[in-house]
Every structure is written in structure tokens, then in C-alpha cells.
Chemist: 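Just passing along the structure, written as C-alpha cells.
Atoms within a ligand are numbered from 1 in the order they appear, just like the ligands themselves. The figures that follow rest on heavy atoms only: side chains count, while hydrogens, waters and symmetry mates do not.
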Amino acid sequence: MAGSGNSGIDPELVISHKFPESLHTYTERDAAIYALGVGACTKDAIDDKELKYVYHQDGQEFIQVLPTFSTLFTVGIPSQMEQLPGLPFDPRLLLHGQQYIEVYKPLPSHGCILNKTSIAGLHDKGKAAVLEVEIVSYEKESGERLCMNRLSIYLRGAGGFSKSSQPYSYSSNHSNQSAFPKIPKSQPFAVYEECTHASQALLYRLSGDYNPLHSDPKFAESAGFSRPILHGLCTLGFAVRTIIKCICGGDQNTIKSVSGRFLLHVYPGETLITEMWLEGLRVIYQVKVKERNRAVLFGFVDLDRLSSSL
Ligand SMILES: CCCCCCC/C=C/C(=O)SCCNC(=O)CCNC(=O)[C@H](O)C(C)(C)COP(=O)(O)OP(=O)(O)OC[C@H]1O[C@@H](n2cnc3c(N)ncnc32)[C@H](O)[C@@H]1OP(=O)(O)O
């Protein structure tokens with residue numbers, strides 16, 4: 001509830017903050033390491049729908065890039081948050097809450113990206129604060145807009161900063177594009193099961209997210225977990241890759257937008273079961289961890305066309 005504590009957050013200072021523009025350069029190797037990190041070709045090293053993400057399959061000139069690779073353009077955010085005036089927080093208590101992605105054109109296999117970052121929201125949830133950050137990414141050379149990522153960061157213990165009896169809530173996004181649909185009660189259109197590896201987070205972190213929550217047992221324990229947990233964006237990468245494989249006929253370029261809410265942490269080595277429902281051009285999905293029979297992620301993916309193989 002509003003006013004239940006005082007985390008020292010100064011909301012007006014936070015939402016008026018202006019981030020400097022930043023550059024992010026990547027190569028084909030980064031795109032391939034990312035694809036392996038989210039499980040591409042793990043079940044089958046010659047998978048004909050996935051080899052293209054890690055190898056110049058059939059002589060293709062460039063490797064193909066998964067749309068969720070764009071989430072890597074945001075890896076600098078947690079360290080930028082530490083410099084953010086008016087936002088004191090304990091980095092051990094920070095969790096990734098939600099991710100929304102819009103893809104405007106296929107991601108190139110290498111390039112230099114210009115990121116424009118802004119605060120998109122701040123909410124007082126009493127026991128937590130939720131900060132939303134939006135990053136619009138452009139291809140530096142052409143100036144063309146490539147994608148947009150909006151992430152919600154859940155800061156445990158940082159709520160209670162509202163000055164009035166109404167909980168503080170600011171959002172720059174009025175379009176409700178990322179509102180979550182209900183999980184249908186009907187049987188899923190497709191279900192796909194896949195194991196993550198015990199070393200999944202250690203592989204995924206090589207894509208640039210070096211938060212010790214995912215690799216350091218002592219840090220993970222101090223954050224309240226029995227061992228390091230998987231990056232939320234790794235779980236999201238598994239889910240979207242699964243949707244591309246099961247619904248999009250392997251064509252990653254049919255993805256227009258992706259939305260996901262992280263419901264519970266995943267331990268590397270656990271088995272992910274992704275359930276998918278197709279409603280027009282929208283795929284509603286839910287990921288469960290088999291070993292604990294718990295939902296860990298849900299959301300939707302909007303497509304720009306349906307695969308002819310459906
Ligand atoms: C590129 C890097 C980006 C930054 C990353 C930061 C570093 C962390 C990286 C990670 O990858 S962490 C691993 C991935 N994330 C997780 O594992 C989180 C899983 N989710 C949870 O553990 C829980 O859902 C939660 C976030 C702890 C919240 O659970 P809790 O029981 O405390 O919430 P509720 O009581 O249900 O709701 C309170 C309030 O908060 C809203 N809310 C709930 N969940 C989320 C969420 N995932 N994202 C945003 N907001 C959330 C909920 O709607 C309630 O609001 P009101 O309805 O009361 O207004």
C-alpha cells in the first residue's frame with residue numbers, strides 16, 4: 001500500500017531523467033552465441049529450422065537473427081539504473097518483471113545500433129517499485145528504426161514512496177499495446193517441451209548480461225534463491241524460438257511484437273513446457289517448469305502473417 005514504507009525513491013527526479021544516447025555494436029558471432037544461449041539446435045544440431053541462426057546454412061551469406069536478440073540492446077540498463085538520480089535500491093533485490101518488444105525490420109547479422117532510452121513508467125506497489133524503461137534502437141548507418149524494447153524492472157522492497165494516499169503511478173504509454181490477455185481455457189494449439197542445461201545461464205551470460213544473480217551462488221543466496229537463476233530474457237528467448245518453430249514454420253521474420261511477464265524464477269537445468277494458443281494473428285503462450293509444475297512466464301506474440309504450413 002502507498003506510504004507503507006519509505007524507500008527514498010524520488011519519483012519526480014526519476015521520471016524527469018534523460019539518458020544519453022548509446023551505441024551497441026555486434027557481430028555475427030554475437031548473434032550465434034545468443035541463439036545457442038536460448039537453446040537453438042540444442043535438441044538437434046542439424047535442425048533445419050534453426051541451423052540458420054548459428055551457421056551459414058545452405059551457403060546463406062549472413063546468419064539469420066532471432067527477433068529476441070534485440071533484447072540484448074538493453075543489457076546496459078541495470079548499470080545505468082545505478083546512476084539514476086532519485087532511485088536508491090538494493091541491486092540484489094532487482095528482478096526482471098516484464099518485457100515488450102516491437103520489431104520493425106529483420107535484425108541485421110552484424111551492425112552498430114544507436115539506442116535512445118527513456119523512463120516509460122514508475123509505479124509504487126507498496127512492497128515493491130516497478131520501473132519501466134523504453135529503448136528505441138536505430139541502425140546507426142542508415143538511421144532506420146529497427147526495434148523497440150520496453151522492460152519492467154521489479155524492485156523488491158523499494159515501494160512505499162508515494163506522497164499521497166493514492167499509490168504513485170506514472171506511465172508514458174497510453175496505448176495499452178502490451179496489456180496481457182487471459183490464458184484460454186481451451187486445449188493449446190501446440191505444446192513443446194525442452195530441457196534447459198545446468199549451464200544454461202553460464203552460456204547465456206556470454207551474450208553480455210553478467211548480473212551475478214545468474215552465476216554466483218553466494219549472490220543468488222543473498223537475493224533469496226537457493227542457487228543462481230536463469231535470466232528472464234533467456235526463458236523468453238526459449239519461448240519465442242519455440243513459437244517460431246511450432247507456429248511460424250521457422251520464419252522468424254513473421255514476428256511483429258512480443259510481450260512477456262515473468263511469474264516465477266527458473267533454475268538452469270529445469271524443463272520448460274511451452275503451451276501456445278493461436279487467436280487470429282496472436283499467439284498467447286504460457287511457459288511452465290515441468291519439475292515444479294509452476295507457470296514461470298506468459299504473454300503473447302503478434303504475427304504479421306500466418307505460416308502457409310499451418
Ligand atoms: C536486460 C536486463 C533487464 C533488467 C534485469 C534485471 C536483473 C534481473 C534479471 C532477471 O532475469 S531476474 C529473473 C527473471 N525474473 C523473475 O524470475 C521474476 C519472476 N517473478 C516473480 O518472482 C514474481 O512475479 C514477482 C516479480 C516477485 C512479483 O510477485 P509478488 O507476489 O510480489 O507480486 P504480486 O503480489 O502478485 O503483485 C504485486 C504488484 O506487482 C505487480 N506485478 C506482479 N508481478 C509483476 C511482474 N512480473 N512484473 C511487473 N509487475 C508485476 C502486480 O500486478 C501487482 O500490482 P497491482 O496489481 O497491485 O497494481
Chemist: To check your reading of the model: name the closest protein heavy atom to atom 32 (O) of ligand 1, its residue, and the distance in Å.
Modeler: Tyr154 OH, 2.9 Å
Chemist: Can you list the atoms of ligand 1 that are under 4.0 Å from a heavy atom of Asn211?
Modeler: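 Contacts of ligand 1 toward Asn211, numbered from 1: 7 (C), 8 (C).
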Chemist: Where's the contact between Thr71 and ligand 1, heavy-atom distance under 4.0 Å: side chain, backbone, both or neither?
Modeler: neither
Chemist: When you compare ligand 1 with Leu213, is there at least one nitrogen or oxygen pair between them that comes in under 3.5 angstrom?
Modeler: no
Chemist: Nearest protein heavy-atom contact for atom 19 (C) of ligand 1: which residue, which atom, what distance?
Modeler: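 In this structure, atom 19 (C) of ligand 1 has Leu264 N, 3.3 Å as its nearest protein heavy atom.
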Chemist: Enumerate the atoms of ligand 1 whose separation from the nearest heavy atom of Thr74 is less than 4.0 angstrom.
Modeler: 1 (C)
Chemist: Going by atom types only, do Tyr34 and Thr68 share a side-chain donor-acceptor pair under 3.5 Å?
Modeler: yes
Chemist: Is Ser152 in polar range of ligand 1, meaning some N or O pair under 3.5 Å apart?
Modeler: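 Min N/O separation from ligand 1 is not below 3.5 Å for Ser152.
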Chemist: Would Gln166 and Tyr168 count as having a side-chain donor-acceptor pair, cut-off 3.5 Å?
Modeler: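 Absent: no donor and acceptor within the cut-off.
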Chemist: Just grab all the salt bridge (charged side-chain N to carboxylate O under 4.0 Å, His left out) pairs involving residues 237-247, residues at least two apart or on different chains.
Modeler: Asp47-Lys245, Glu50-Arg241, Glu50-Lys245, Glu194-Arg241
Chemist: With atoms numbered from 1 as shown, which atoms in ligand 1 lie under 4.0 angstrom from a non-hydrogen atom of Ile229?
Modeler: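 Per the distance check, 13 (C).
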Chemist: Does the side chain of Glu82 come under 3.5 Å of the side chain of Ser79 through a donor N or O and an acceptor N or O?
Modeler: no
Chemist: Taking only heavy atoms of His265 into account, list the atoms of ligand 1 that are under 4.0 Å away from them.
Modeler: 17 (O), 19 (C)
Chemist: Numbering the atoms of ligand 1 from 1, which are under 4.0 Å from a heavy atom of Gly232?
Modeler: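 Answer for ligand 1: 10 (C), 11 (O), 13 (C), 14 (C).
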Chemist: Are any non-hydrogen protein atoms located under 4.0 Å from atom 35 (O) of ligand 1?
Modeler: yes
Chemist: If we ignore angles and hydrogens, is there a donor and acceptor under 3.5 Å between the side chains of Tyr267 and Thr196?
Modeler: no
Chemist: Which bit of His96 is near ligand 1, meaning a heavy atom under 4.0 Å away: side chain, backbone, both or neither?
Modeler: both
Chemist: Please confirm whether Leu72 approaches ligand 1 to less than 4.0 Å, judged on its heavy atoms.
Modeler: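 Leu72: no contact with ligand 1 (<4.0 Å).
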Chemist: From the options Asp304, Val301, Leu281, Ile101, select the one residue that forms a side-chain contact (heavy atoms from CB on, under 4.5 Å) with Lys256.
Modeler: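 Running side-chain contact (heavy atoms from CB on, under 4.5 Å) over Asp304, Val301, Leu281, Ile101 with Lys256 returns exactly one hit, Asp304.
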Chemist: Look at atom 3 (C) of ligand 1 and find which of Ile77, Leu131, Leu151 reaches it with the closest heavy atom.
Modeler: Leu151
Chemist: So which heavy atom in the protein is nearest atom 20 (N) of ligand 1, and how far is it from that ligand atom?
Modeler: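 So the nearest neighbour among protein heavy atoms is Phe262 O, 3.0 Å.
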Chemist: For Ser259 and Gln99, does a side-chain donor sit closer than 3.5 Å to a side-chain acceptor?
Modeler: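 No, no side-chain donor-acceptor contact under 3.5 Å.
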Chemist: In the protein, which heavy atom is nearest to atom 44 (N) of ligand 1, and how far is it?
Modeler: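 Looking only at protein heavy atoms, the one closest to atom 44 (N) of ligand 1 is Arg261 NH1, 3.4 Å.
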Chemist: Any atoms of ligand 1 less than 4.0 Å from a non-hydrogen atom of His231? List them with their elements.
Modeler: 11 (O)
Chemist: Taking only heavy atoms of Lys127, which atoms of ligand 1 are found under 4.0 Å from at least one of them?
Modeler: 30 (P), 31 (O), 32 (O), 33 (O), 34 (P), 35 (O), 38 (C)
Chemist: Between Thr27 and Asp30, do the side chains contain a donor N or O and an acceptor N or O under 3.5 Å apart?
Modeler: yes
Chemist: Rest of the hydrophobic cluster containing Val191 (Ile/Leu/Val/Met/Phe/Trp/Tyr, side-chain heavy atoms under 4.5 Å)?
Modeler: Ile273
Chemist: Please report which non-hydrogen protein atom sits nearest to atom 6 (C) of ligand 1, along with the residue it belongs to and the distance in Å to one decimal place.
Modeler: Leu94 CD2, 2.8 Å
Chemist: Has the side chain of Gln57 got a donor or acceptor atom that lies under 3.5 Å from a matching backbone atom of Lys52?
Modeler: yes
Chemist: What residue and atom, counting heavy atoms only, is the protein's closest point to atom 49 (C) of ligand 1, and at what distance?
Modeler: Gln98 OE1, 3.6 Å
Chemist: Please list the nearest protein heavy atom to atom 24 (O) of ligand 1 with its residue and the distance rounded to 0.1 Å.
Modeler: Leu263 O, 3.1 Å
Chemist: For ligand 1 and Leu233, I'd like to know whether there is a polar contact (N/O to N/O, distance under 3.5 Å).
Modeler: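 In fact, backbone or side chain, Leu233 has no N or O that close.
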Chemist: Please identify which of these residues, Arg227, Lys288, Arg292, Lys290, meets the salt bridge (charged side-chain N to carboxylate O under 4.0 Å, His left out) condition with Glu270.
Modeler: Arg292
Chemist: Atoms of ligand 1 less than 4.0 Å from Leu230 heavy atoms?
Modeler: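 Once the distances to Leu230 are compared, the set is 13 (C).
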Chemist: Do me a favour and list the nearest non-hydrogen protein atom to atom 39 (C) of ligand 1 with residue, atom name and distance?
Modeler: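 Answer for atom 39 (C) of ligand 1: Lys125 CD, 3.8 Å.
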Chemist: Who gets closest to atom 10 (C) of ligand 1 by heavy atom: His214, His123, Glu132?
Modeler: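 Closest candidate by heavy-atom distance is His214.
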Chemist: Report, as yes or no, whether the 6.0 Å neighbourhood of atom NE2 on His17 holds more than 12 heavy atoms from other residues, nucleotides or ligands.
Modeler: yes
Chemist: For the OH atom on Tyr138, are there more than 12 heavy atoms of other groups (residues, nucleotides or ligands in this structure) within a distance under 6.0 Å?
Modeler: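 Enclosed: over 12 neighbouring heavy atoms sit under 6.0 Å from OH of Tyr138.
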Chemist: For His231 and Gln200, does a side-chain donor sit closer than 3.5 Å to a side-chain acceptor?
Modeler: no
Chemist: How many angstroms lie between CG in Leu303 and OG in Ser307, if you round to the nearest 0.5 Å?
Modeler: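 Rounded to the nearest 0.5 Å, the CG-OG separation comes to 9.5 Å.
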